[in-house]
Amino acid sequence: MCPAPYQANADAFVVKVEVVSTVSQFVGGSGHEALALQVTVEPGDTVRTLLQQLCGRYPRLRAVLWEGGGLGPHIEVVVNDEVLGVSHQLDSPLKPGDRLMLLGQYVGG
Amino acid sequence: MSRDIVHQGVQQTGNQDMPGGIAGQILRIDLGSGRIWTETLTPREWRIYLGGAGLGAKILYEEVPPDSNWDDPENRLVLATGPLAGLPVWGTGGLTVVTRGALTNGATSTQANGFFGACLKYSGYDAIVLQGISPKWVYLYIRDDQVELRDAAHLLGRDTWETQQSLEQELGYRGHQLSVYTSGIAGENLVRFSAIHGDYGHVASKNGCGAVMGVKKLKAVAIVRGSRALHARDPNGLMKAAEVISHDLETNPTTRGLYQLGTLQGVVNLSKLGALPIKNYTTSVIPAGVDMAQWEGQALRDGFDHRGHQCNACGMHHCHQQVLARGKHKGDIVDEPEYEGWSGAGWAIGCTDPNAVSWLNTQIDRACVDVNEFGWLVGWCMECYEKGYFTREQLGGIDLKWGDAEAANALLQMIIRRQGFGDVLAEGVKRAAEHVGGEAQKCAIYTMKGNTPRGHDHRARWEELLDTCVGSGGSLETGPPVEPTEMGLPARTNPFDHKAVSKNVSTLMGRRHLEDSLGICIFTSRTKISNLCLAINAATGWEFSVEEAQQFGRRVAALLRAFNVRSGIGPELERPSERYGSQPVDGPAAAHDPRKIFDAMVEDYYNALGYDRATGKPLPELLRALGLGQVAKDLWG
């Protein structure tokens with residue numbers, strides 16, 4: 001018996017994820033450019049589940065993003081122009097129109 | 001003026017009592033009398049003060065009277081390196097300048113790289129301490145034991161690059177055989193934010209250290225790469241430590257960008273967080289029409305013909321020189337700007353053309369002023385000109401519109417020669433703003449102590465807002481968090497959580513002083529402190545721990561703070577100006593008002609570090625715990 005074809009939840013929505021400069025090397029880019037990705041999430045999905053979905057696609061990102069069950073020190077996660085921890089936490093639900101950005105930690109200059 | 005060096009019981013390198021990596025001589029020069037002599041420290045003192053910022057803080061506190069001013073003969077100009085300088089760890093040409101600075105009239109600790117530190121160590125010295133005021137302009141020449149003050153009349157009016165070229169030609173040395181540091185034309189004219197520049201692009205820039213050099217009538221210091229032996233106590237261990245550090249810099253996801261491109265990625269990264277200062281803080285939004293793709297780090301490098309211009313023993317792909325690709329100055333060779341240059345010579349004054357910014361940045365280096373203070377000063381003037389607070393006539397006929405690099409350079413040339421309104425501007429942002437007063441003063445970015453921030457919009461980086469205001473060395477004492485978990489901090493914090501910000505700054509306090517005491521570049525020390533300790537221990541033969549490193553940094557901070565408090569620089573001055581501490585009008589940080597939490601942030605910082613909130617003094621129990629019992633007696637009786 002064939003499995004039922006996957007049907008996206010009608011309420012699913014797309015979150016745009018901008019991957020900036022250095023971090024792009026972990027999602028298939030050169031490390032010197034800004035990449036625009038799209039991730040489809042469902043109502044109730046959180047920042048964490050989106051990031052986990054992204055890491056499923058890009059294993060190199062998984063290795064540098066997480067540390068001990070939480071986010072590590074290397075990549076800044078920005079939601080709607082604010083660093084994670086300001087308006088959103090890792091387990092905050094996403095809503096249509098939310099934007100994410102992955103930004104390398106800056107330690108120079 | 002030429003004098004033979006007079007040794008006074010100096011312990012030479014190779015003495016088994018001395019730590020490895022230490023040359024063992026501090027070169028002392030009284031510019032007033034022309035007397036030249038050497039001193040040393042005991043092995044215990046070397047461990048307590050290390051070199052660089054630590055050694056300089058000790059000398060400043062012990063020798064410069066509290067009631068003296070930056071331009072008094074009693075002021076000391078300490079040019080110091082550290083135990084790693086000249087050794088095969090990356091970036092070990094470090095120079096740290098410590099003095100009473102012209103902007104705050106308080107302590108200054110500011111660092112440059114290049115080759116100075118290595119050349120000094122190879123000549124047999126860990127530091128140069130200058131006191132007094134020379135009766136005529138001189139330059140200091142060092143070649144091993146040959147130490148001379150030579151007439152510098154022929155170098156007056158020459159900019160930093162010209163001074164170095166002249167001395168190379170005159171002395172017959174090329175390339176890295178000779179390191180020359182000078183305060184340029186700005187230093188000659190006592191511009192309060194003049195810097196000390198050397199090796200074509202390296203600058204100790206903070207708190208008007210170049211003005212101190214100028215008032216002492218010291219045009220330049222020229223050191224031949226000497227011939228003295230310099231030994232690490234454990235050479236194999238040092239090579240392993242160097243490998244650990246370089247591998248970490250190259251592979252750590254946080255520092256890999258720094259390894260590849262230096263600080264070039266700063267513009268794009270900081271713009272995303274509202275921390276790129278645009279047009280004197282009048283906006284935090286990238287202007288329409290600016291193509292940010294050209295500001296990506298790799299694009300900035302590839303936008304010019306370039307070649308590496310590395311510092312001593314460095315394997316980073318950081319420092320470069322460029323050839324200007326187009327425009328009026330096409331073909332000029334310039335120093336590739338650091339992030340601070342792209343910011344101060346660019347975004348802060350509304351200039352968004354990388355070619356123009358790169359050109360202006362080198363004019364600033366050649367003129368020898370701090371690029372950050374320049375950005376805040378010229379950005380302020382441009383805003384005042386736009387708003388009608390300043391007239392074109394007042395500005396010497398310059399049409400000072402936002403983003404005009406040529407106009408900014410014209411103003412720069414007026415400032416470094418103190419011509420017309422340039423004489424007011426040469427006093428730096430705070431004094432110029434207070435001189436003008438009114439609505440114009442409200443637009444100016446500075447701290448009440450008299451210095452200005454580095455090239456960020458600190459209203460989106462509260463850590464650096466706090467650090468700039470409360471730091472005692474004329475700039476930051478903590479720096480950006482590097483491996484924060486090593487010090488027990490979380491991997492990331494909310495930048496607008498003032499409790500977390502205070503905890504970060506106070507916990508990491510003193511790291512910058514450690515880096516600036518080793519004779520190593522701040523960028524090649526962007527690794528765990530435990531890795532730096534591996535190198536320190538292999539060089540010296542000590543067992544220097546992370547805890548000792550943290551204690552060391554706090555000791556230096558406490559000494560500098562004690563020096564400032566005794567000089568009348570207290571908590572009431574540890575505040576931002578109206579514009580510097582304002583709420584951004586737009587951009588990612590627009591919802592956050594630092595004015596609401598600033599006092600609470602300072603309060604937590606003081607409590608965490610053991611400083612007295614009312615007076616700013618380090619508390620006596622803290623001073624005694626840091627081995628500064630005498631300072632406790634001086635401050636508390």
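Chain identifiers are assigned alphabetically (A, B, ...) following the order of the sequence lines, protein sequences preceding nucleic acid strands; residue numbering begins at 1 within each chain.
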Backbone of B:His247 reached by a side-chain donor or acceptor of B:Thr251 within 3.5 Å: yes
For A:Lys16, all residues meeting salt bridge (charged side-chain N to carboxylate O under 4.0 Å, His left out), sequence neighbours excluded: none
Part of B:Ile522 within contact of chain A (heavy atom distance under 4.5 Å): neither
Atom group of A:Leu71 that falls short of 4.5 Å from chain B, counting heavy atoms: both
Under 4.5 Å from any heavy atom of chain B - which part of A:Gln25: side chain
Which portion of A:Ala34 sits near chain B, non-hydrogen atoms under 4.5 angstrom: both
Atom group of A:Gln105 that falls short of 4.5 Å from chain B, counting heavy atoms: both
Side-chain H-bond candidate by donor/acceptor type, B:Asp586 with B:Thr283, under 3.5 Å: yes
Region of B:Leu264 that comes under 4.5 Å of a non-hydrogen atom in chain A: neither
Portion of B:Gln265 that has a non-hydrogen atom of chain A nearer than 4.5 angstrom: both
Chain A contacts, top residue of B:Arg256, B:His592, B:Glu483 (heavy-atom pairs, under 4.5 Å): B:His592
Residue B:Asp497 versus chain A: region with a heavy atom under 4.5 Å: neither
B:Glu336 and B:Arg301 ion-paired at < 4.0 Å: yes
Plane angle bin for B:Tyr339 and B:His456 - parallel if under 30°, tilted between 30 and 60°, otherwise perpendicular: parallel
Atom group of B:Pro481 that falls short of 4.5 Å from chain A, counting heavy atoms: backbone
A:Glu18 with B:Lys272: basic N within carboxylate O range, under 4.0 Å: yes
Backbone N/O of B:Arg459 and side chain of B:Trp462: donor-acceptor pair under 3.5 Å: yes
Interface moiety of A:Val83 toward chain B, non-hydrogen atoms closer than 4.5 Å: side chain
Donor-acceptor contact present, side-chain A:Ser24 to main-chain A:Ser21, <3.5 Å: yes
